[in-house]
Amino acid sequence: RGTVVKERFIAKGQKLLHWRKTKMPAISRSLEKRIFHFAKKNMGGFDKIVISDYRHGFITESLAQKIISLAKRHRKPVYADSQISEGFSGNRFWFRGADTMLLNQAEAESIFPGFSESKLGSSLKAIKKILRVNSVVVKLGKNGAAALIGETSFSAKRSPVKAVDTVGAGDAFLTALALVPGKISKQALELANAWAALSTTISGTERFSPFPRFPAT
């Protein structure tokens, strides 16, 4: 599989255009079997399962469902995050049954057109019902984030930072949320939101290192 090549052209902090060179065919059935075999062999050693789908063909619907079913048998929580890709329809339904589905606002609106920040409670409940997941987390960009974990909803307010480059902020959010020990809480959501906000203060996708150690929640 070829390497995805991307290039962005930025002037005075504003992205003027971008292009990418890649082919995105789905993986072969034999490779899918090898990936699932690895997951099956090692599932017992994982604390959480994160499926981050960049829509480059690595994740197939059958592979996603197999991994989610396997994780459930081992009682491992699954965090799923799938991007909207240019020229491709949304595939969030591939991850039905996952414990937590992460979305940005555009992805939330693609699932539930009536999504509204002024009606977050009902909007999150509608998305949760449509996707058949236990929890939903929606990243609202500069307006923070909101979550419905089981039947409990809470939000994280915007972080007061001067954004330079938002590329990779969603990945930073997912990383922080998944690394916080235990279940998703308001504190975990606030921390993930703050970490994503801090990631926008640097141009490019190379982020802070080393990653901080989190207190137990």
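Note that the structure is a prediction, hence the values are computed from the model and not measured.
- Cluster annotation: Phe112 and Ile149 are assigned to distinct hydrophobic clusters (Ile/Leu/Val/Met/Phe/Trp/Tyr, side-chain heavy-atom contacts under 4.5 Å, transitive).
- The minimum heavy-atom distance between Ala196 and Ser199, with the atom names listed, is O-OG, 2.6 Å.
- A distance of 9.5 Å separates OG of Ser122 from CZ of Phe115, quoted to the nearest 0.5 Å.
- Exactly one of Leu191, Val137, Asn193 qualifies for a side chain to side chain contact (heavy atoms under 4.5 Å, CB included) with Leu177. That residue is Val137.
- Note on Leu103: it does not cluster hydrophobically with Phe154, by side-chain heavy-atom contacts below 4.5 Å among ILVMFWY residues.
- Nearest heavy-atom pair, Asp171 versus Ser52, reported as atom, atom and distance to 0.1 Å: OD1-OG, 4.4 Å.
- Under the side chain to side chain contact (heavy atoms under 4.5 Å, CB included) rule, Phe95 has a single partner from Ile67, Asp53, Thr100, which is Asp53.
- Annotation: side chain of Tyr54 is not in contact with side chain of Ile59 (no heavy-atom distance under 4.5 Å).
- Paired with Val136 under the rule side chain to side chain contact (heavy atoms under 4.5 Å, CB included), one option of Ile111, Leu124, Leu102 passes, and it is Leu124.
- One distance of note links OH of Tyr79 with CE of Met101; it measures 14.0 Å at 0.5 Å rounding.
- When atom types are taken as modelled, the side chain of Glu107 and the backbone of Asn104 share a donor-acceptor pair closer than 3.5 angstrom.
- Between Lys66 and Glu61 there is no salt bridge, since no side-chain N of the basic residue sits under 4.0 Å from a carboxylate O of the acidic one.
- When all heavy atoms of Ala108 and Ile127 are compared, the pair lying nearest together is CB-CD1, 3.8 Å.
- For Gln65 (side chain) and Arg96 (main-chain N/O), a donor-acceptor pair under 3.5 Å exists by modelled atom type.
- Asn91 contributes no side-chain N or O that, together with a main-chain N or O of Trp94, makes up a donor-acceptor pair within less than 3.5 Å.
- Ser82 places no side-chain N or O within donor-acceptor distance of the main-chain N or O of Arg92, the cut-off being under 3.5 Å.
- Counting all heavy atoms, side chain and backbone alike, Ala145 lies closest to Phe173 at CB-CE1, 3.9 Å.
- The salt bridge (charged side-chain N to carboxylate O under 4.0 Å, His left out) analysis of residues 70-81, with sequence neighbours excluded, yields the pairs Asp81-Lys139.
- Separating the CG atom in Leu63 from the CD1 atom in Ile51 is a distance of 7.5 Å, to the nearest 0.5 Å.
- By the rule that hydrophobic residues join a cluster once side-chain heavy atoms approach within less than 4.5 Å of another member, Val133 and Ile49 end up as members of one cluster.
- Counting only residues at least two apart or in different chains, side chain to side chain donor-acceptor pair (under 3.5 Å) contacts with residues 125-137 comprise Lys128-Glu151.
- One finds the OG atom of Ser69 at 11.5 Å from the NE2 atom of His74 (value rounded to the nearest 0.5 Å).
- The distance from atom OG of Ser153 to atom CG of Leu120, rounded to the nearest 0.5 Å, is 8.5 Å.
- A single hydrophobic cluster is not seen to contain both Leu198 and Leu189; linkage of ILVMFWY side chains at heavy-atom distances under 4.5 Å, directly or through other members, places them apart.
- Residues Ile68 and Asp99 form no side-chain contact, since every pair of their non-hydrogen atoms from C-beta on lies 4.5 Å or further apart.
- The salt bridge (charged side-chain N to carboxylate O under 4.0 Å, His left out) contacts involving residues 33-52 comprise nothing, where partners must be two or more places apart or lie in separate chains.
- Nearest heavy atoms, Val50 versus Ala178: CG2-CB, 3.9 Å.
- Rounding to the nearest 0.5 Å gives a distance of 8.5 Å between CD of Gln105 and OG of Ser116.
- Closest approach of Ala194 and Ser159 over heavy atoms only: CA-OG, 3.6 Å.
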Stepwise side chain to side chain donor-acceptor pair (under 3.5 Å) test for Thr60 and Arg29: CA-CA 10 Å; Thr60 64; Arg29 289 189 176 275; over 6 Å; no
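- For Lys157 (side chain) and Asn143 (main-chain N/O), no donor-acceptor pair under 3.5 Å exists by modelled atom type.
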